[in-house]
Protein chains: 2
Amino acid sequence: MIAEQGVQALAVEPLARRMGITKGSFYWHFSSREALLQRALNRWEEHDSRNLNNALGEISNPRDRLVSFFRRVGKEKLTHEVYSELCAAAGHAQVEPVLERVAQRRMTHLSAAFEELGLDPVAARYQARLTYSVYLGFLQLQRQNQTPSLSSEEFDAYIEHVINTLIPG
Amino acid sequence: MIAEQGVQALAVEPLARRMGITKGSFYWHFSSREALLQRALNRWEEHDSRNLNNALGEISNPRDRLVSFFRRVGKEKLTHEVYSELCAAAGHAQVEPVLERVAQRRMTHLSAAFEELGLDPVAARYQARLTYSVYLGFLQLQRQNQTPSLSSEEFDAYIEHVINTLIPG
DNA sequence: CCATTACCATACGCTGGAGTATGGTAAACG
DNA sequence: CGTTTACCATACTCCAGCGTATGGTAATGG
């Protein structure tokens with residue numbers, strides 16, 4: 001429901017309707033709507049954290065790791081949709097810390113890869129932030145239907161362009 | 001109110017309270033909350049459109065124009081805050097078309113500047129989208145308090161880095 | 001001078017979501 | 001075999017925002 005309509009759409013009564021149960025039942029499993037959201041957020045963050053290590057941790061060549069970071073945008077659709085909606089809900093007290101940790105983790109990964117490619121630590125940090133900004137901006141454009149379809153050759157060409165611009169070597 | 005708390009915070013009763021009037025009075029001036037939001041959106045879009053032409057249209061040197069685009073992120077705080085919140089409300093039926101037009105206008109400007117710098121039309125379009133993504137991603141990071149303060153020297157250094165990476169020549 | 005117009009307040013009804021109180025049922029268990 | 005436990009429904013209350021009905025007042029104009 002977060003992926004479809006955003007954080008605020010994760011509400012007790014709509015959820016219950018959708019599941020064919022009632023509120024009474026829901027409140028046996030969760031103490032409040034806040035608790036439900038917290039569980040959902042924790043679940044997603046864990047999944048995302050594992051994903052980061054599994055998918056990118058294995059690739060030893062730093063350039064391939066970075067390239068894979070961009071190519072991944074096209075896959076794992078659900079997770080990206082959730083993240084996109086979470087970004088839209090920045091400012092929400094429960095969402096904010098999640099976003100902070102996730103962005104931090106990911107940028108640290110990027111920064112390490114850029115350092116391995118020979119950039120000095122400061123430049124690597126800047127480049128990581130820049131790269132992550134591109135990713136965030138892409139998600140935003142996607143929410144506005146301003147990106148070519150993910151499976152078109154224009155999309156692939158654009159990704160090529162981004163890779164060539166941002167990844168040295 | 002949009003800049004402070006987002007589109008959904010622009011509500012009739014809170015607005016009336018804040019102005020020290022009542023709902024009854026509000027509904028004499030506006031037919032509905034929707035109408036108010038529409039007027040606010042139109043107003044902002046017009047202001048932004050004029051701004052684009054005034055600030056960037058005058059600069060003849062395309063590189064300076066691009067550099068000024070980035071430097072502007074630090075200024076015009078209110079407008080950027082509004083835009084940032086509008087982006088968060090993408091998916092909203094009234095907000096969506098505004099976002100689409102604004103992004104289109106701005107990217108067209110960027111694309112033209114890159115063409116003037118010698119890029120072929122396709123590369124210029126890609127580079128414009130990339131550049132605009134960086135801007136959107138920056139706004140997002142700002143919403144998450146993940147950027148250095150706008151008036152620090154680290155911020156200036158980062159902007160330098162971005163300019164050097166994205167603007168040819 | 002009376003009536004219309006512009007502007008604002010009071011007081012209502014409606015809706016949707018949060019949370020609670022209470023009772024029902026089926027399975028497991030002592 | 002009765003009772004506890006897990007799970008679910010019904011039926012409320014509470015609250016905040018949207019919109020409306022209606023009446024008051026001050027200024028303006030025929």
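Protein chains get the first letters and strands the later ones, always in sequence-line order, with residue 1 at the start of each.
Between the CD1 atom of A:Ile21 and the C1' atom of D:dT10 there is a distance of 14 Å, rounded to whole Å. Rounding to whole angstrom units, CG of residue B:Leu10 and C1' of D:dG17 are separated by 13 Å. Rounded to whole angstrom, the span from the CD atom of B:Gln8 across to the C1' atom of D:dA16 amounts to 12 Å. One interatomic measurement links the two molecules: CE of A:Met19 to C1' of D:dC7, which rounds to 13 Å at whole-angstrom precision. Rounded to an integer number of Å, the gap from A:Phe26 CZ to D:dA9 P is 14 Å. Put simply, CG on B:Leu15 is 13 Å from P on D:dG19, counting in whole angstrom units. Between the C1' atom of C:dC14 and the CD atom of B:Glu13 lies a distance of 12 Å, rounded to the nearest Å. Across the protein-nucleic acid pair, B:Trp28 atom CH2 and D:dG19 atom P stand 18 Å apart, rounded to whole Å.
Taking the side chain as every heavy atom from C-beta outward, A:Leu36 and A:Leu15 approach each other to under 4.5 Å.
The nearest heavy atom of DNA chain C to A:Pro14 and to A:Gly24 marks one nucleotide each, and the one closer to the 5' end goes with A:Pro14.
Between D:dA9, D:dC18, C:dC8, one nucleotide has an atom nearer to the side chain of A:Ser25 than all others, and that is D:dA9. Minimum atom distance to the side chain of A:Ala11 is reached by C:dA18, of the listed C:dA18, D:dC18, C:dA9. In this structure, of C:dG17, D:dC18, D:dC8, it is C:dG17 that holds the atom nearest to the side chain of A:Arg17. Relative to the side chain of B:Val12, the nucleotides D:dA9, C:dT10, D:dC18 differ in distance, and D:dC18 lies closest.
Residue A:His29 has no polar side-chain atom (N or O) positioned under 4.0 Å from OP1 or OP2 of D:dA6.
The cluster map of Ile, Leu, Val, Met, Phe, Trp and Tyr, joined by side-chain heavy atoms under 4.5 Å apart, puts A:Tyr158 and B:Val122 in the same cluster. In this structure, B:Ile59 is not a member of the same hydrophobic cluster as B:Leu119, with clusters built from ILVMFWY side-chain heavy atoms closer than 4.5 Å.
Between the base of C:dA18 and the side chain of A:Lys23 there is a donor-acceptor pair shorter than 3.5 Å.
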Query - Stepwise side-chain contact (heavy atoms from CB on, under 4.5 Å) test for A:Tyr135 and A:Arg106 - result: CA-CA 11 Å; A:Tyr135 164 69; A:Arg106 292 175 174 182; 3.3 Å; yes
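Between the CD atom in A:Glu100 and the CG atom in B:Leu141 there is a gap of 11.0 Å [rounded to 0.5 Å].
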